[in-house]
2 protein chains.
Amino acid sequence: MSETQWLDPVEMRAWRNFVDLIGDLMLSLDDDLRDNGITLGDYEVLVFLSEAPDQRMRMCDLAARLRLTPSGLTRRLDGLVAAGFVDRQVDRNDRRVTNAVLTSAGFEHLVATAPLHVDSVRKQLLNFMTRSQMDHFGAALESIKSGRDSVRSELVDR
Amino acid sequence: MSETQWLDPVEMRAWRNFVDLIGDLMLSLDDDLRDNGITLGDYEVLVFLSEAPDQRMRMCDLAARLRLTPSGLTRRLDGLVAAGFVDRQVDRNDRRVTNAVLTSAGFEHLVATAPLHVDSVRKQLLNFMTRSQMDHFGAALESIKSGRDSVRSELVDR
DNA sequence: TCGCAATAGTTGCGCGTACAATGGTTGCTA
DNA sequence: TAGCAACCATTGTACGCGCAACTATTGCGA
């Protein structure tokens, strides 16, 4: 058992500021969206469905995309179905799967709220960054993500 | 009502990768900590208390630091008190306030799990960044945070 | 000094989500 | 082709947290 390698000042600043910011940021984003009558979680469902081919996704794929468990997605869809934003359709080719499909009402609602959300993202984050910061930021995050993905694919689990 | 200014590619990449990464990252961090018998949320309580003078904080201050509502903190402390990691002590000078105090058992537990958490932070994030990326990252996040703080203090609300 | 507003914490209730168990469907293999 | 394992979604249950209501304490102004 070797000595712990604690975080040095540079690491510590990066890490602490990161955690600090995202907690605050996500709450603000959710608040802004709630002011317009939808949850950040529900909004994400509409976004992913709207971007999917034929505006539909299998429950299990959607759950993975949202980082939800199957049961979590079932309950979340319940609300969206009740609101008329999403339909459940049993798949014709594989009757085990049910597809979540965006309704026209759901699409309308997304179109109505998206500008407000984009405003919110600018107001809460992007307005505080320079163009070059955004560029480096995006590139750095992308390399981090691909690094994480490749170690994950090397392992069997998950 | 002016036209919406949608995100251009640079903005989009920064934003999407950001959201994508933090969702994944936080889950992994929590998983790693759970493997060692504590929640990320509970761990944060121990960290903040350990850094506070006299290892104690007023409930309301701690709640703000954790971005929890008062009731949320009450429930979270219940678990930590039951585990023997934190004590509740009514303040002598102001009997409205109760202080959350880190016990020696709580401190021991923090000391035992901190190295594992640091390992986790390296494994999940820092190992995928270069030193200069970390440096720029920390600086950028810091300026964003201070920008957000200053607009918040200009407004009356919150 | 009295009374009222502000502050601190807890509790009842509801919502969202994870975990474990269940039922239904498919596909592989003996 | 019969049977079994894998897969998909849902349901029961428990837990964490926010909101609103409530109690206790403090401080301030008439």
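Residue numbers start from 1 in every chain, and the chains themselves are labelled A, B, ... in the order their sequence lines are given, proteins ahead of strands.
We find that CG of B:D94 is positioned 11 Å from C1' of C:dG9, with the value rounded to whole Å. Atom CG in B:D30 sits about 15 Å away from atom P in C:dT17, given to the nearest Å. Between the CZ atom of A:R96 and the C1' atom of C:dG27 there is a distance of 7 Å, rounded to whole Å. Between the CG atom of A:L73 and the P atom of C:dG16 there is a distance of 13 Å, given to the nearest Å. Atom CG in B:L68 sits roughly 13 Å away from atom P in C:dG9 (whole-Å rounding). C:dG9 atom P lies 8 Å from atom CG of B:N99, rounded to whole Å. For A:E44 and C:dT17, the CD to P distance is 10 Å, given to the nearest whole Å. Distance, B:R58 CZ to C:dG9 P: 6 Å, rounded to whole Å.
A distance-only check finds no donor-acceptor pair linking the side chain of A:E44 to the backbone of A:G41 [under 3.5 Å]. The backbone N or O of A:G72 lies less than 3.5 Å from a partner atom in the side chain of A:T69, making a donor-acceptor pair. In this structure, the side chain of B:D91 engages the main chain of B:N93 through a donor-acceptor pair within 3.5 Å.
A 4.0 Å heavy-atom criterion places the boundary nucleotides of DNA chain D facing chain A at D:dA6 to D:dT13, written 5' to 3'.
Residue A:G41 is the one, among A:G41 and A:N93, whose nearest nucleotide of DNA chain C lies closer to the 5' end (criterion: closest heavy atom). The nearest heavy atom of DNA chain D to A:T74 and to B:R92 marks one nucleotide each, and the one closer to the 5' end goes with A:T74.
Side-chain contact annotation: B:S28 with A:R148, donor-acceptor N/O pair under 3.5 Å present. Looking at A:N17 and B:E142, their side chains do bring a donor and an acceptor atom within 3.5 Å of each other.
Side chains of A:K123 and A:D32 form a contact here, defined as non-hydrogen atoms less than 4.5 Å apart.
Crowding of A:Q5 atom CD: a count of heavy atoms from other residues, nucleotides or ligands under 6.0 Å not exceeding 12. Counted within 6.0 Å of CZ on A:F48, heavy atoms from surrounding residues, nucleotides or ligands total more than 12; the atom is thus considered enclosed.
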Filtered N/O pairs between nucleotides 19-23 of chain C and protein, under 3.5 Å:
| residue | atom | partner | partner atom | Å |
| --- | --- | --- | --- | --- |
| C:dC19 | N4 | A:S71 | OG | 2.6 |

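Counting non-hydrogen atoms under 4.0 angstrom, A:R67 reaches the backbone sugars and phosphates but no base. B:R88 comes within 4.0 angstrom of the backbone, heavy atoms only, and of no base.
Taking the six-membered ring for Trp and the full ring otherwise, the centers of B:F85 and B:F107 sit at least 6.0 Å from each other.
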